[in-house]
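Read the numbers this way: they start at 1 and go in the same order the structure lists the ligands and their atoms.
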Amino acid sequence: MSRKSIYTQAVHAGERRPRPDYTPVSTPIYPSVGYLYEDMTDLDGVFGGERAGYVYPRYGSPTVSALEEAIATLEGAEDAVAYASGMGAVHGALMGAGVRAGTAVVAAADLYGATYALLERTFGSLGVKVRFVDITNLAQVSQAVADKQPVVVLCEIVSNPLMKVADVPALAEVAHKSGAALIVDSTFATPYLFRPLEVGADYALHSATKYLGGHGDVMAGVVACSAERGHDLRERQKLLGANLGPQEAWLTLRGLKTLPLRMVQHCANAQAVAEWLSDQPGVARVNYPGLPDHPQHELAARLFGGVGFGGMLSFDLAGAGQAEVFRFMEALELVLPATTLGDVYSLTLYPAHSSHRQVGAEVRADLGIGDGLVRLSVGIEDAGDIIADLEQALEILRE
Ligand SMILES: Cc1ncc(COP(=O)(O)O)c(C=O)c1O
């Protein structure tokens, strides 16, 4: 063939090298949007699902598949599907579980604010009826399920920001008795502490932006479930398009490798910080499942197999309102006031103006999210350094 023009060379040179006969130890990032096959019959087979392969990233791609396989393995699931964010995963699971106009959902009242708003506003405006309940009150949940006959019961394993722990095995029983699916947002627990599918949940989802990624540098979401449900989620994903990119999949996969190591340190640090905060006169209340006075302490110990209680806690600054909380957060030097959680860094957040801003003051007050409540995502730094930082900030508040 004659030498091609530089315009053609620039586009094609170096591409489509023959498939190697070696296997990279670590999964490469595959950004390609298209895939070539030996002949058109092969491509037709991939499109038809008769042979393995990729055709277009909205239908699946190699780096994302590697992450999905890893998540499924860690969750003890037949399948897992990745999304562009945790909210994409929540949306995907709700659709997959059958939420449509005219159906009902029974959901925990103290969900992450955007999940609450997604149910109430987006799905609500499409004709979905939502009943919010105290998910720790099984009699109330059973009554709501009997009244509403929902297609879905939705909870967070540890609620945000009050750290209530959901009795997932009992909720699965209540949901399944009336034919509803149970979706568990397991973001705060991670598969290190808890695997919802093993005790009856139908979907376990994560904002992988948090502990799974773990380093504050990637936004992603995942849903783990049965093979049948996973197939259905993928078919929807082709149309909804909330797909994860290969770079993000690679970063999440990389983060996963140290998840157990990080969780050991998150749990130990959070326990130490929670116990220390409980003794401080400037702190009115500490919400952490690892404290013996937490209402679901024994349940958490049972569900998490005694290996720890997670890295998240919240506490009320005694007699404080927004001004005092802001002063406290600004006084912190090591602990960062960043709007996320589950990172290697220790992070604080003021739920009333961020994660729960969208739910409104009245609902916040009903939920017990007071104006003095601070959420703390305890990082993997030295526990003594974290406590020293909190101590000096509490001291400044007393001045
Ligand atoms: C428990 C929980 N679920 C879901 C989400 C949404 O995840 P993302 O921000 O990755 O969309 C968050 C975000 O903070 C969360 O805390």
Chemist: Return the minimal non-hydrogen interatomic distance between Leu119 and Phe123, and the atom names on each side.
Modeler: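 Closest approach of Leu119 to Phe123: O-CB, 3.5 Å.
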Chemist: Show the distances, to 0.1 Å, for all pairs joining an N/O atom of ligand 1 and a protein N/O atom that are shorter than 3.5 Å, listing one pair per line.
Modeler:
from	atom 1	to	atom 2	distance (Å)
ligand 1	3 (N)	Asp185	OD2	2.6
ligand 1	7 (O)	Ser207	OG	3.0
ligand 1	10 (O)	Gly86	N	2.9
ligand 1	10 (O)	Ser207	OG	2.8
ligand 1	10 (O)	Thr209	OG1	2.6
ligand 1	11 (O)	Gly86	N	3.0
ligand 1	11 (O)	Met87	N	2.9
ligand 1	14 (O)	Lys210	NZ	2.9
ligand 1	16 (O)	Asn160	ND2	3.4

Chemist: In plain terms, say whether Arg131 and Asp147 are close enough for a salt bridge, that is, a side-chain N and a carboxylate O under 4.0 Å apart.
Modeler: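 Asp147 and Arg131: salt-bridged.
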Chemist: Partners of Arg302 by salt bridge (Lys or Arg N to Asp or Glu O under 4.0 Å), sequence neighbours excluded?
Modeler: none
Chemist: Please determine whether a side-chain nitrogen of the Lys or Arg among Glu324 and Arg398 lies less than 4.0 Å from a carboxylate oxygen of the Asp or Glu.
Modeler: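 No, no charged N to carboxylate O under 4.0 Å.
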Chemist: Are the side chains of Leu94 and Val152 in contact, using a 4.5 Å heavy-atom criterion?
Modeler: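 Yes, at least one pair of side-chain atoms sits under 4.5 Å.
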Chemist: Should the pair Tyr56 and Tyr59 be assigned to parallel (<30°), tilted (30 to 60°) or perpendicular (>60°) ring geometry?
Modeler: perpendicular
